[in-house]
Visitor: 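Could you have a look at this structure, given as C-alpha cells, before my questions?
Since the model is a prediction, treat every value here as computed from it, not as a measurement. Counting begins at 1 with the first residue of the sequence. For ligands, and for the atoms within them, numbers begin at 1 and follow the listed sequence.
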Amino acid sequence: MNSKTYDIAIIGGGIVGCATAMALSALKNIKLILLEAETELAHHQTGNNSGFIHSGLYYKPGSLKAKNCVEGSQALYQFCQEHGVAVEQCGKLVVATDPKEIPLLDELEIKGNANGLQGIKRLVAQELKEYEPHVSGVAGLHIRETGIVDYIGVTNKYAEVVKQRGGEILTGARVIGFQKSGRELVLETTHGTIHIKNLVNCAGLQSDRVAKMCGVEPGLKIIPFRGEYYQLVPEKYHLVKNLIYPVPDPQFPFLGVHYTRMIHGGIEAGPNAVLAFKREGYKKTSFSMRDSAEIFAYPGFWVLAAKHWKMGIGEIYRSLSKAAFVRALQKLIPELEEKDIQTGGAGVRAQALEPNGFLVDDFRIVEAERMVHILNAPSPAATASISIGKIVAGIAAKDFHLN
Ligand SMILES: Cc1cc2nc3c(=O)[nH]c(=O)nc-3n(C[C@H](O)[C@H](O)[C@H](O)COP(=O)(O)OP(=O)(O)OC[C@H]3O[C@@H](n4cnc5c(N)ncnc54)[C@H](O)[C@@H]3O)c2cc1C
C-alpha cells in the first residue's frame, strides 16, 4: 500500500458528503479525502433548494427521515449558532384550503406529535391570519420548529471543520473510474488517480451510477425532478411573513408549491416537480440523450407513469403556464396576481425509483465490502445532514474498523 493511500474517500461535496466527512474526521488518526466533481461545493441539490430547516412533520414515525430530521434539525440550529451561519427559527404555517383536506391535516398533526414535535398548534380559519394576514384557508397548523438557513454556508462550514481536523477537500475531481487492486481501491478522477482503502458514495443525482461503477447493483434508478421557483416582486413582500405551505398530497414525496422567505432576503414561490430530461438540467430546455434514454428504458418509470400520468401532465402544464402556477399559489393567497411574481431559479431533486415503480420514500443507505452508498437522500436530507453524517460515520467506523 503506498504512503498516499487514504483510509477513506467520500465521493460528493454536497451537504450530505460534507456532513459525512465532518463526522468521519472526528475519528482519530484518519486520513480522509472528499472528492467533488464541480469546482465548488454545494453546486447541485444543496445549493438550489428551498432553504428550509424542516421540523419532522411529514415523515412516517420510526422512519430514517423522521428520526434524522428531528435530531438533525436541532443539531443544525446549534451548529449554525456556534459557527456563525445565517439561520432563523421562524415557524411555518400549513394551510388546508378545502374541507376535504382536513383529514390529511389531522394525519399530519398526529405524525408530527408522534415524531416528538413540541411546537404544533392547531388553528381554525380566523387564527390563520394572526400568523399570515393574507392567507386564506379553512384550517391549519403552525409549526414552531421550522426555520430557514443558508445551506451553501452550512456546507462550506462543514468542509472548513474537516480541513481544520486534517481532512482534504478536492474540488474539480469527478470520479470516473474504479478498480480493486489487492487491499486498495483505486479511483480514477478528472484530477488524477487516488488510492484509498474504503469509500462512501454521496453523489446525489449520480449516486446510482457511482454505485454501479463500484460494482454495486443499486436496485433503483435516480429519476430527476426539476423544481422551478418564481420570486415575489419586492412591492409584494408584505404578502408573506414567513413560510406558507399547502397540505401535501400523500401519494407523492413532494410538498406542493409554497411560499418561502429566504434567509438572505426575498420571497420565493414554488417549487413544482417536473420530470427532467437531464439529471443536472436546470432549464426547461435542458436535455441529455443518455439521461432521457435511461429514464424511458427503465420499467419502473412506465409503472409510475401509468399510475400518475395525470399528475405528471398537470406539472408540465404548470411549468409552461405562469397562469396555472399562479392559480396554485392563489389557493393560499387569493390576492396574488400574475404580475406579482417573476421567474426565479430551479433545483433538480434526485428521487430514487425502484423497478416496480415504487418511489423510494425513506433515506436509503447500502453497505458493501469496503463501501457505503447513500442511494436516496431527498428532502429533508439537508435538514438531517448532521444526523445522517453521524449514522454513516458509525457504519463506516464499524465496517471499515476505523477506530
Ligand atoms: C428544489 C429542491 C428543494 C429542496 N428543499 C429542501 C429544503 O428546504 N430543506 C431540506 O432539508 N432539503 C431540501 N431539499 C433536499 C436537499 O437539498 C437534498 O436532500 C440534499 O441537498 C442532498 O444532498 P446531497 O449531498 O446528497 O446531494 P447534492 O447536493 O446533489 O451533492 C452531490 C454532489 O456529488 C457530486 N458528484 C456527483 N457525481 C460525482 C462524481 N462522480 N465524482 C465526484 N463528485 C460527484 C455532485 O457534483 C454534487 O455536488 C430540496 C431539494 C431540491 C432539489
Side-chain angles (χ1 to χ4, degrees), residues 9-21 33-56 58 65 68-69 72-73 76 92 146-149 151-152 154-155 158 170-178 187-191 194 199-214 222 224-229 243 245 253-255 257-258 260 262-263 268 270-274 276 279-280 282 344-352 363 365 373-385 387-389 392:
I10 294 104
I11 303 179
I15 199 164
V16 173
C18 290
T20 300
I33 187 163
L34 180 143
L35 303 165
E36 165 53 45
E38 306 291 347
T39 50
E40 78 230 354
L41 300 172
H43 189 80
H44 290 296
Q45 294 180 90
T46 303
N48 296 295
N49 71 15
S50 298
F52 283 117
I53 297 185
H54 284 292
S55 59
Y58 301 104
K65 273 189 178 176
N68 290 287
C69 183
S73 61
L76 185 57
K92 87 165 173 188
T146 309
I148 50 178
V149 70
Y151 277 123
I152 298 178
V154 171
T155 307
Y158 290 170
L170 193 59
T171 53
R174 181 178 296 278
V175 179
I176 49 175
F178 169 93
L187 298 179
E188 211 55 62
T189 84
T190 48
H191 203 277
I194 311 272
L199 79 78
V200 181
N201 163 14
C202 303
L205 284 153
Q206 302 291 336
S207 56
D208 56 340
R209 288 179 178 158
V210 168
K212 261 194 183 153
M213 182 172 72
C214 298
I222 294 296
F225 284 94
R226 192 173 49 253
E228 297 156 334
Y229 294 91
L243 315 172
Y245 268 71
F254 312 122
L255 299 177
V257 291
H258 43 262
T260 312
M262 304 301 286
I263 192 77
E268 283 189 345
N272 55 8
V274 198
R279 291 200 182 194
E280 286 88 8
Y282 295 99
V348 183
R349 305 173 184 86
Q351 175 60 52
F363 299 146
I365 301 172
H373 296 270
I374 301 185
L375 296 179
N376 196 47
S379 183
T383 301
S385 52
S387 192
I388 299 175
V392 177

Visitor: Taking salt bridge (Lys or Arg N to Asp or Glu O under 4.0 Å) as the test, write out the residues that go with Glu280, two or more places apart.
Guide: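 Expected list: none.
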Visitor: Please report whether ligand 1 has a polar contact with Ala37, defined as an N or O pair separated by less than 3.5 Å (distance criterion only).
Guide: yes
Visitor: Does ligand 1 have a heavy atom under 4.0 Å from the side chain of Leu35, from its backbone, from both, or from neither?
Guide: backbone
Visitor: What atoms of ligand 1 come closer than 4.0 angstrom to any heavy atom of Pro378?
Guide: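 Per the distance check, 19 (O).
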Visitor: Can you tell me if Phe225 contacts ligand 1 (heavy atom of the residue under 4.0 Å from the ligand)?
Guide: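 Heavy atoms of Phe225 never come under 4.0 Å of ligand 1.
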Visitor: Would one find an N or O of Leu205, backbone or side chain, under 3.5 Å from an N or O of ligand 1?
Guide: no
Visitor: Under 4.0 Å from a heavy atom of Ile11: give me the atoms of ligand 1 that qualify, with their elements.
Guide: 40 (C), 42 (N), 43 (C)
Visitor: If only side-chain N and O atoms count, and only distance matters, is there a donor-acceptor pair under 3.5 Å linking Ser385 with Tyr158?
Guide: yes
Visitor: Could you list which atoms of ligand 1 come closer than 4.0 Å to a heavy atom of Val16?
Guide: 23 (O), 24 (P), 25 (O), 26 (O)
Visitor: Within the structure, does Tyr229 bring an N/O atom to less than 3.5 angstrom of an N/O atom in ligand 1?
Guide: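 No; the residue has no nitrogen or oxygen that sits under 3.5 Å from a nitrogen or oxygen of the ligand.
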Visitor: Does any N or O atom in Ala377 lie less than 3.5 angstrom from one in ligand 1, N or O only?
Guide: yes
Visitor: Taking both backbone and side-chain atoms of Glu36, is any N or O found less than 3.5 Å from an N or O belonging to ligand 1?
Guide: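 Yes, since at least one N or O of Glu36 sits under 3.5 Å from an N or O of ligand 1.
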Visitor: If I apply the N/O under 3.5 Å rule, does Ser50 come out as touching ligand 1?
Guide: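 N/O-N/O distance below 3.5 Å exists for this pair.
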Visitor: Closer than 4.0 Å to some heavy atom of Ala381 - which atoms of ligand 1 meet that?
Guide: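 Those atoms are 19 (O).
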Visitor: Relative to the heavy atoms of Glu38, which atoms of ligand 1 are at a distance of less than 4.0 Å?
Guide: 47 (O)
Visitor: Please verify whether a non-hydrogen atom of Ala173 lies at under 4.0 Å from ligand 1.
Guide: yes
Visitor: Does the N or O separation between Gln45 and ligand 1 drop below 3.5 Å for any pair?
Guide: yes
Visitor: Just heavy atoms, cut-off under 4.0 Å: does Leu41 contact ligand 1 by side chain, backbone, both, or neither?
Guide: neither
Visitor: Quick check: His43 and ligand 1, any N/O pair under 3.5 Å apart?
Guide: no
Visitor: Below 3.5 angstrom, do we get any N/O pair linking Gly204 and ligand 1?
Guide: no
Visitor: Taking distance alone, with N or O pairs closer than 3.5 Å, would you say Phe52 contacts ligand 1?
Guide: yes
Visitor: Would you indicate which of Ala203, Pro271, Gly13, Ala19 comes nearest to atom 39 (C) of ligand 1 when only heavy atoms are counted?
Guide: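 The nearest heavy atom belongs to Ala203.
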